[in-house]
There are 2 protein chains.
Amino acid sequence: MSTLTEHPHPEQIRVAVSTVIFSLRRDPGDDRARVVMPLVRRTRDPFEGRWALPGGWLGDVEGMEAAASRTLAETTGLAPSYLEQLYAFGDVDRSPTRVVSIVYWALVREDESRATAQENVAWFDATTHPELAFDHDHIVRYALWRLRNKVGYSRIAHGLLPDLFTLADLREVYEAILGRRLDPANFRRQVEGSATLIPTDERRGGSHRPARLYRYNHDVELAERGPLPD
Amino acid sequence: MSTLTEHPHPEQIRVAVSTVIFSLRRDPGDDRARVVMPLVRRTRDPFEGRWALPGGWLGDVEGMEAAASRTLAETTGLAPSYLEQLYAFGDVDRSPTRVVSIVYWALVREDESRATAQENVAWFDATTHPELAFDHDHIVRYALWRLRNKVGYSRIAHGLLPDLFTLADLREVYEAILGRRLDPANFRRQVEGSATLIPTDERRGGSHRPARLYRYNHDVELAERGPLPD
DNA sequence: CCAAAAGTGTTATAACTACACCCATGT
DNA sequence: ACATGGGTGTAGTTATAACACTTTTGG
């Protein structure tokens, strides 16, 4: 690639792809939703027995994003509603052998995330999880930071919701990600003014006054990430 | 890395590191500064003769950021005032052989960028440059987008200026990057209110009223990039 | 004195925040 | 009827933008 500094033959550096997958979990008891992620228990050295991010080696005729999707399918069994490259980690000592990890982060809708039933896969709270293998603790922290950051200036929150949702649902997503309460009135005006939602005529009646259901406007993109492939 | 999907042995994928280096050029004739970047002319296939981003293979005991710095030193001969990972490019068909490129972007101060005199290296306007090798056109577009984006919410503009500078100098940097004029009065108030500049007692007298010289306040960081190494 | 950039002041507009208040429904 | 979340109104604050104006230098 580019101007090649002279090496008789490039050394053996392996390329892996991992993905931080976020979803939302709203348990019967809790009144707030939590951000959760699936982890995989390692069945071999190094770090045998420890939890780690789902991932695998990059195939030699496989695109990196495709590898991330494959990873995601193998663990959750479903397609992500949002997928974006997070960062490339390549410190010399981050693994016993030299591995460069291209890390992606993804969003999966709550209803879909329930489908997971693989062996050695479990969902954890994204903020309070066991100590992970390799530098994955660090990676998860960074992914969470990016998620919180991005939710402030783009529309990715919809990636965690089903087709139809109320404004309270959407607000709950923001609150779970940002970790603080938002004013319902101001929240409503903000999203209504942004032309990203299409109001439907349907309502959903919980225990009180029924709320209008909205649909996401796919004309505006989930997130602007500049001039990048798709 | 992580949960390893079974491959008898990972295939031969090579890892390269490239850097998009930005600097500012203020030529005698022009009244505005331009964003410029150094390119390297390829001396071998593929794309022999075409201009490309400076870069090289990642050494097997070399960190990725170190590789980017090395690249930068080999072309400009100097250390960057700012260096950040841009993106990892790994499409299967972006090169005749499978190469994953970890791309960084960097800022170099104008006075330092004059020192370049390597063979096969030349500086080009960042917006109007010849068609580059590989997918480097695409990469440069993305790097420029990130630069313009980041200048809006962080202090990286100082990475293009010497130790002492006037507010007009700083404003010129912003104008060159954003491609539009800024109101001097409002610009002054914004940066003065942000506590990132330390006023000195020195002045610089051009052809008219002397302007106060400022120094960058290193207590606040150049840019917040979240919980990432250094 | 004049041109031009340095630097200050003023005002209009938009965005954000807090919070009071009314509405519609299940119980 | 009443508790509760859905939904609207409004006023204070803050950030931004436009632009008039004063100051200080070199020529």
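Here is how names work: the chains are called A, B, and so on, in the same order as the sequence lines, proteins then strands, and each is numbered from 1. These numbers were taken from a predicted model, which means no experiment stands behind them.
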K.L.:
If I take atom OH in residue Tyr153(A) and atom P in nucleotide dC16(C), what distance separates them, rounded to the nearest angstrom?
P.N.:
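Atom-to-atom, Tyr153(A) to dC16(C), this comes out as 17 Å.
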K.L.:
Given atom CG of Leu182(A) and atom P of dG5(D), what is their separation to the nearest angstrom?
P.N.:
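So the CG-P distance, Leu182(A) to dG5(D), works out to 16 Å.
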K.L.:
Could you state the CD-C1' distance from Gln190(A) to dC16(C), rounded to the nearest angstrom?
P.N.:
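Going from CD in Gln190(A) over to C1' in dC16(C) covers 8 Å.
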K.L.:
Rounding to an integer number of Å, can you tell me how far Asp183(B) CG sits from dA5(C) P?
P.N.:
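My rounded result for the distance is 14 Å.
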K.L.:
Are Arg204(A) and Asp169(A) packed together at the side-chain level, in the sense that at least one heavy-atom pair is separated by less than 4.5 angstrom?
P.N.:
yes
K.L.:
Looking at Arg181(B), does any N or O in its side chain come under 4.0 Å of the phosphate oxygens OP1/OP2 on dA17(D)?
P.N.:
no
K.L.:
Can you measure Asn186(B) atom CG to dG9(C) atom C1' for me and round it to whole angstrom units?
P.N.:
11 Å
K.L.:
For the side chain of Ala211(A), starting at C-beta, report the closest nucleotide among dT25(D), dG7(C), dG6(D).
P.N.:
dG6(D)
K.L.:
In terms of the nearest nucleotide of DNA chain C, which residue is placed more toward the 5' end: Ala185(A) or Pro210(A)?
P.N.:
Ala185(A)
K.L.:
Take atom CZ of Arg171(A) and atom P of dG7(D), then tell me their distance rounded to the nearest Å.
P.N.:
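So the two atoms are 11 Å apart, to the nearest Å.
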K.L.:
Looking at every non-hydrogen atom in both residues, tell me the closest pair between Arg146(B) and Gln85(B) and how far apart they are.
P.N.:
NH2-O, 2.8 Å
K.L.:
Closest-nucleotide mapping onto DNA chain D: is Ser207(A) or Gly205(B) further toward the 5' terminus? I mean the 5' end.
P.N.:
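By nearest-heavy-atom nucleotide position, the 5'-most residue is Ser207(A).
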K.L.:
To the nearest Å, give me how far apart CG (Leu178(A)) and P (dC16(C)) are.
P.N.:
14 Å
K.L.:
Walk me through whether Phe124(A) and Thr128(A) qualify under side chain to side chain contact (heavy atoms under 4.5 Å, CB included).
P.N.:
CA-CA 7 Å; Phe124(A) 292 87; Thr128(A) 66; over 6 Å; no
K.L.:
Answer with yes or no whether Arg209(B) presents, from its side chain, a donor or acceptor under 3.5 Å of a partner atom in the base of dA6(C).
P.N.:
yes
K.L.:
Arg203(B) has an atom CZ; how far is it from atom C1' of dG7(C), in whole Å?
P.N.:
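In whole Å, dG7(C) C1' lies 10 Å from Arg203(B) CZ.
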K.L.:
Closest nucleotide of DNA chain D for His208(A) versus for Leu167(A): which of these residues is on the 5' side?
P.N.:
His208(A)
K.L.:
Less than 4.5 Å apart, any side-chain heavy atom of Trp51(B) and any of His129(B)?
P.N.:
no
K.L.:
Side chain of Arg188(B) only, please: which of dA6(C), dG6(D), dT4(D) is the nearest?
P.N.:
dA6(C)
K.L.:
Under 30°, 30 to 60°, or over 60°: which ring-plane class applies to His158(A) and Phe165(A), parallel, tilted or perpendicular?
P.N.:
tilted
K.L.:
Looking at Arg189(B) and dG9(C), is any side-chain donor or acceptor paired with a base atom of the opposite kind under 3.5 Å?
P.N.:
yes
